[in-house]
Number of protein chains: 2
Amino acid sequence: MHAEDIDRVNDIIQRGRPLQKGEYLYRSGDVFQSVFKVHSGTIKTINITSDGQEQVTGFYLAGEILGLDGLADNVHTNSAIALETSAVCEIPFSSLEELSLKIPTLQHHFFQLMSREIIGDQKLMTMLSKNSADERVATLLLSISTRNHRRHLSALDFRLPMSRSDIGNYLGLTIETVSRVLSRFQKNGLLSVDKKDITIVDMDELKNIANADTYE
Amino acid sequence: MHAEDIDRVNDIIQRGRPLQKGEYLYRSGDVFQSVFKVHSGTIKTINITSDGQEQVTGFYLAGEILGLDGLADNVHTNSAIALETSAVCEIPFSSLEELSLKIPTLQHHFFQLMSREIIGDQKLMTMLSKNSADERVATLLLSISTRNHRRHLSALDFRLPMSRSDIGNYLGLTIETVSRVLSRFQKNGLLSVDKKDITIVDMDELKNIANADTYE
DNA sequence: CGATTGTTTGAGGCCAGTCAAAGTTAGTGG
DNA sequence: CCACTAACTTTGACTGGCCTCAAACAATCG
């Protein structure tokens with residue numbers, strides 16, 4: 001992308017105010033106006049099922065983009081909630097769509113983003129339908145490790161931004177099962193678990209358990 | 001969309017030759033060049049996991065569009081296979097992307113398509129992580145019923161285009177469980193099952209079991 | 001510091017998976 | 001057209017992994 005193009009994109013980006021833990025970035029049913037890039041912190045997205053249950057559909061760490069679900073009908077189907085104090089950039093979609101008519105690479109870039117989201121969701125579907133509790137937890141830990149590494153943070157030592165409840169919900173497991181798996185991993189020398197602080201001790205074995213099916 | 005725009009879109013659509021049952025439309029790893037619209041028949045998409053297992057990620061009936069997974073990196077991550085003799089239209093993406101720069105509504109239309117795919121995948125994720133075998137099977141039957149109805153076919157009487165094995169794979173169940181659930185549904189007066197021919201007898205109760213969480 | 005929320009651990013039950021075998025369908029070639 | 005084979009489906013008996021229920025413990029917050 002050319003420098004002047006980047007400038008034009010930057011012009012439409014708005015720095016949002018910080019979100020406190022538990023605060024909504026947008027709610028299911030809100031009119032879709034923008035996509036968001038996480039600047040710092042972590043956001044989870046959830047769906048509410050017809051019987052009122054909550055389903056966690058994704059965790060978005062710093063640098064990642066969320067909100068693409070709203071394009072279909074100009075309404076968000078997800079809700080997005082901060083898991084900790086977070087800062088996000090808002091990218092108004094109308095200007096973006098207009099702008100991407102002038103900058104072909106930008107359009108292509110956005111198609112790619114959505115396509116990645118589809119691929120990621122499908123990897124998760126596979127995990128939910130085929131993998132054991134151990135495999136699911138190991139895969140999530142590796143995913144967070146990889147994404148931290150991309151941000152030049154430690155791949156072996158990190159803090160889980162989400163609760164056991166969110167993990168279980170996301171992975172299709174109960175909180176008790178998540179807790180038991182983490183305890184067992186620690187007992188077997190794979191991890192050191194201190195509440196939300198995780199240290200990966202035996203990365204090879206963890207990858208082995210996760211079936212090396214890295215998703216991100 | 002204006003008439004001349006529709007003409008321009010139609011110009012780039014190619015009618016593909018018919019696919020025989022079991023034939024591949026594209027394979028994982030193929031260079032991405034086109035998306036496809038199912039004209040008749042049914043296509044399934046599958047992912048191959050790192051340990052060689054197959055995961056069915058979607059069924060595409062007549063009128064539905066597939067192949068959007070390839071946009072991310074210009075390579076298909078899925079493979080697409082005909083479940084019965086089928087005909088598809090090929091829509092070359094390069095021309096489409098170019099064209100959508102000239103026709104803003106077309107770009108928007110494509111964003112919507114991808115967004116719908118994301119929403120659909122997330123509904124499926126929710127089902128895989130929360131719902132019982134009965135709920136999953138009921139939901140799939142209702143989905144096919146709804147999509148048939150949209151094509152002005154019977155919503156109560158239809159033929160499943162896919163095998164028990166594909167259903168089980170897609171829903172995260174074994175073939176034995178799928179078979180047992182269908183037998184039980186028949187025994188309880190919800191359905192009439194004759195091999196792949198399904199007649200929905202008690203639509204209300206079926207919706208009840210599916211939790212009315214219609215996905216499509 | 002009490003109250004609330006989140007986490008861990010244990011005991012027991014159940015749903016779906018596994019294993020097995022018989023029955024059914026579809027496809028092939030003589 | 002039919003015999004033969006391979007693939008698919010159904011049904012049953014049993015097993016096991018995860019869920020449910022329950023209680024104790026830890027952390028967070030006003």
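Per chain, numbering begins at 1; letters A, B, ... match sequence-line order. All values reported here derive from a predicted model rather than from experimental measurement.
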Please list, for nucleotides 19-29 of chain C, all pairs of protein and nucleotide N/O atoms separated by less than 3.5 Å.
| unit_1 | atom_1 | unit_2 | atom_2 | d |
| --- | --- | --- | --- | --- |
| C/dC19 | N4 | B/E176 | OE2 | 3.0 |

When A/S183 and B/R184 are each assigned the nearest nucleotide of DNA chain C, the 5'-most assignment goes to A/S183

Span of DNA chain D engaged by chain B, first through last nucleotide within the 4.0 Å heavy-atom cut-off, is D/dT9 to D/dA13

Can you tell me how far [atom2] of [N] sits from [atom1] of [X], to the nearest Å?
| X | N | atom1 | atom2 | answer |
| --- | --- | --- | --- | --- |
| B/L128 | C/dA16 | CG | P | 13 Å |
| B/D134 | C/dC15 | CG | P | 10 Å |
| B/I175 | C/dA16 | CD1 | C1' | 14 Å |
| A/M162 | C/dT5 | CE | C1' | 18 Å |
| A/N131 | C/dA16 | CG | C1' | 16 Å |

Contacts of B/E23 meeting salt bridge (Lys or Arg N to Asp or Glu O under 4.0 Å) (sequence neighbours excluded), chain-then-number -> B/R17

Query raised in the report: When you check the gap from the basic side-chain N to the acidic O, do B/E64 and B/R147 get nearer than 4.0 Å?
Result: yes

Which residues share a side-chain hydrogen bond (donor to acceptor under 3.5 Å, both in side chains) with [X], sequence neighbours left out:
| X | result |
| --- | --- |
| B/N47 | B/N78 |
| A/D134 | A/R184 |
| A/K37 | none |

In short, salt bridge (charged side-chain N to carboxylate O under 4.0 Å, His left out) pairs touching residues 67-82 of chain B with sequence neighbours left out are A/R116-B/D73

Residue pairs meeting salt bridge (charged side-chain N to carboxylate O under 4.0 Å, His left out), one or both in residues 152-167 of chain B, sequence neighbours left out, come to B/K44-B/D166, B/R159-B/D197

Per the ring-ring contact (aromatic ring centres under 6.0 Å, His included) rule, what does the pair list look like for [range], sequence neighbours excluded?
| range | result |
| --- | --- |
| residues 36-55 of chain A | A/Y26-A/F36 |
| residues 137-166 of chain A | none |
| residues 40-65 of chain A | A/F59-A/Y170 |

Rounding to the nearest 10°, end axes of the helix from C/dC1-D/dG30 to C/dG30-D/dC1 built from five pairs each make an angle of 60°

With distance as the sole test, does B/S86 use its side chain to make a donor-acceptor pair with the main-chain N or O of B/T42 at under 3.5 Å? yes

Within the 4.0 Å heavy-atom criterion, would you say A/L173 contacts the bases, only the backbone, or no part of the nucleic acid? sugar-phosphate

request  = Give A/G172 one of three labels, base, sugar-phosphate or nothing, depending on what nucleic acid heavy atoms sit under 4.0 Å from its own.
outcome  = sugar-phosphate

Worksheet item: Given C/dA16, is OP1 or OP2 found less than 4.0 Å from the side-chain N or O atoms of B/T177?
Response: no

